[in-house]
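Each remark here refers to the structure printed beneath this line.
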Amino acid sequence: MKEKLKEKEQRIEEMLEKIKMEEEEETKKDKIAVTTAINIGIKLVEKFLNKLKDLNEKYSEGTHLHFAVTLYEFGEIEEELKNNYNIVKNSIEEFGYPFTIWLEEIDKYINLYSENREYYAYDKAYKNCLLALAYCYSYAVMIDIIKILGSGSSSEESRTEYKEESSYSDIPDEFRNEDGSLVNYYKILWEDEYIESEYEKYVKYTRKDIDKQYKKMAKKYHPDKHADDKEKAEAKFKEIQNAKDILFEYRDRYDEIYLEYFRRKYK
């Protein structure tokens with residue numbers, strides 16, 4: 001009897017040990033499954049974060065070659081194109097051939113702009129919108145030249161009047177001086193080092209170059225270093241701060257106007 005009881009106890013112990021081993025094995029499998037799921041989750045989150053960082057770099061910080069303007073600014077350009085297009089179209093209908101060549105080019109870029117806008121390809125839409133607007137501007141300049149040549153006036157007065165008109169037209173308010181001329185933000189940052197006749201080289205500077213020059217000027221004109229004339233230093237400090245902000249936020253738009261302005265002047 002005792003032997004049978006002992007045998008049953010041993011049998012129960014073996015069964016319990018087996019159950020314990022099975023539980024440990026199941027627990028181990030559960031741990032592996034949970035750990036695997038967590039690792040997969042971490043990888044997916046990291047991948048998603050990298051995508052967000054890439055988007056931030058492209059569309060927020062403006063380091064991407066395609067599109068780094070606000071939709072509000074895009075809307076302003078669209079409105080400007082709409083207004084100029086109607087003026088150009090009416091003028092071309094009046095003059096006829098060969099001016100219709102301009103209208104064909106403008107229509108081509110407007111169609112590309114509309115197509116890309118429809119499919120939310122804002123980078124390409126913005127580019128084609130600017131190209132269409134550029135053709136509108138070039139047509140306006142051409143008509144001005146024809147009018148001047150047609151007037152038969154060769155006096156210094158008429159040449160000066162045209163130069164001023166063509167140089168100051170189409171400059172947005174935020175880029176204008178009080179007299180209507182273009183604010184030269186590159187000259188503000190480079191000061192005495194700025195060479196106007198070499199104006200084209202400044203648009204080739206990188207964002208890093210501009211930031212470096214800004215820091216140099218900010219250090220030079222920091223109000224704490226000019227206790228004798230702090231008010232003047234503060235005004236200059238704000239001026240260079242604004243120049244940097246404009247070139248960081250509206251670089252492409254400003255450079256286009258800046259180049260056109262000085263090309264007309266030196267032409």
Side-chain angles (χ1 to χ4, degrees), residues 53-74 76-77 80 122-135 137-138 141 163 166-226 232-267:
K53 287 177 182 177
D54 186 48
L55 286 172
N56 182 54
E57 181 184 355
K58 288 179 181 177
Y59 299 107
S60 300
E61 296 179 5
T63 58
H64 197 256
L65 293 175
H66 289 168
F67 189 63
V69 299
T70 63
L71 290 178
Y72 174 78
E73 184 184 344
F74 195 177
E76 287 186 324
I77 295 294
E80 193 173 350
Y122 290 112
D123 54 343
K124 295 176 182 177
Y126 184 75
K127 176 184 175 182
N128 287 300
C129 188
L130 287 178
L131 287 169
L133 190 58
Y135 269 96
Y137 289 160
S138 66
V141 171
K163 181 180 176 181
S166 62
S167 297
Y168 295 172
S169 63
D170 305 322
I171 299 175
D173 292 340
E174 61 268 31
F175 302 154
R176 281 177 177 266
N177 286 309
E178 289 183 3
D179 64 355
S181 60
L182 180 70
V183 180
N184 194 334
Y185 295 112
Y186 290 112
K187 186 173 183 179
I188 290 170
L189 287 177
W190 269 266
E191 208 173 39
D192 295 336
E193 299 174 25
Y194 181 81
I195 303 172
E196 187 177 286
S197 59
E198 298 177 7
Y199 62 92
E200 290 181 330
K201 77 176 184 180
Y202 297 95
V203 300
K204 297 175 184 177
Y205 285 144
T206 64
R207 189 183 180 95
K208 189 175 180 180
D209 293 329
I210 293 170
D211 188 52
K212 183 179 178 182
Q213 184 64 22
Y214 159 72
K215 288 175 180 176
K216 175 183 173 182
M217 294 293 288
K219 186 177 179 182
K220 179 180 177 180
Y221 287 103
H222 198 283
D224 293 345
K225 291 187 176 183
H226 298 273
K232 186 177 179 180
E234 285 177 349
K236 185 67 178 177
F237 189 82
K238 286 179 181 178
E239 186 181 34
I240 61 175
Q241 174 70 54
N242 182 60
K244 188 263 289 186
D245 290 344
I246 290 291
L247 291 176
F248 267 34
E249 192 170 355
Y250 304 108
R251 182 80 186 276
D252 292 341
R253 188 180 179 195
Y254 177 77
D255 282 355
E256 183 182 358
I257 296 168
Y258 169 86
L259 286 172
E260 181 66 18
Y261 182 87
F262 283 104
R263 280 169 185 164
R264 290 179 182 180
K265 181 174 181 180
Y266 280 92
K267 187 177 179 181

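Counting from 1, the numbers follow the sequence of the chain as shown. Just so it is clear, the model here is predicted, and its values are computed rather than measured.
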Side-chain contact test, heavy atoms from C-beta onward, threshold under 4.5 Å: evaluate it for [X] versus [Y] and give yes or no.
X: Tyr261; Y: Asn184; result: no
X: Leu130; Y: Asp252; result: no
X: Asp245; Y: Tyr214; result: no
X: Glu191; Y: Lys220; result: yes

As an exercise, state the distance from NZ of Lys201 to NZ of Lys204, rounded to the nearest 0.5 Å.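 Atom-to-atom, Lys201:NZ and Lys204:NZ are 10.5 Å apart.
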
Atom CG in Asn242, atom CD in Glu174: separation rounded to 0.5 Å? 10.5 Å

Under 3.5 Å: donor-acceptor pair, side chain of His222, backbone of Ala233: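 Judged by distance alone, no pair lies under 3.5 Å.
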
Quick test of your reading of the model: are Asp211 and Arg207 salt-bridged, counting only N-O distances below 4.0 Å? no

Look at Glu260 together with Arg263 and state whether they make a salt bridge at an N to O cut-off of under 4.0 Å.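 Between Arg263 and Glu260 there is no salt bridge, as every charged N stays at least 4.0 Å from the carboxylate O atoms.
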
Taking Tyr202 as the fixed residue, which of Tyr258, Tyr185, Tyr194 is the one that meets the ring pair (Phe, Tyr, Trp, His ring centres under 6.0 Å) rule?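 Single ring pair (Phe, Tyr, Trp, His ring centres under 6.0 Å) partner of Tyr202 among Tyr258, Tyr185, Tyr194: Tyr194.
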
Taking atom types as modelled and ignoring hydrogens, do the side chains of Gln213 and Asp209 form a donor-acceptor contact shorter than 3.5 angstrom?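 Result is no, nothing qualifies.
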
Is it the case that Tyr186 and Asp255 place a side-chain donor and acceptor less than 3.5 Å from each other? yes

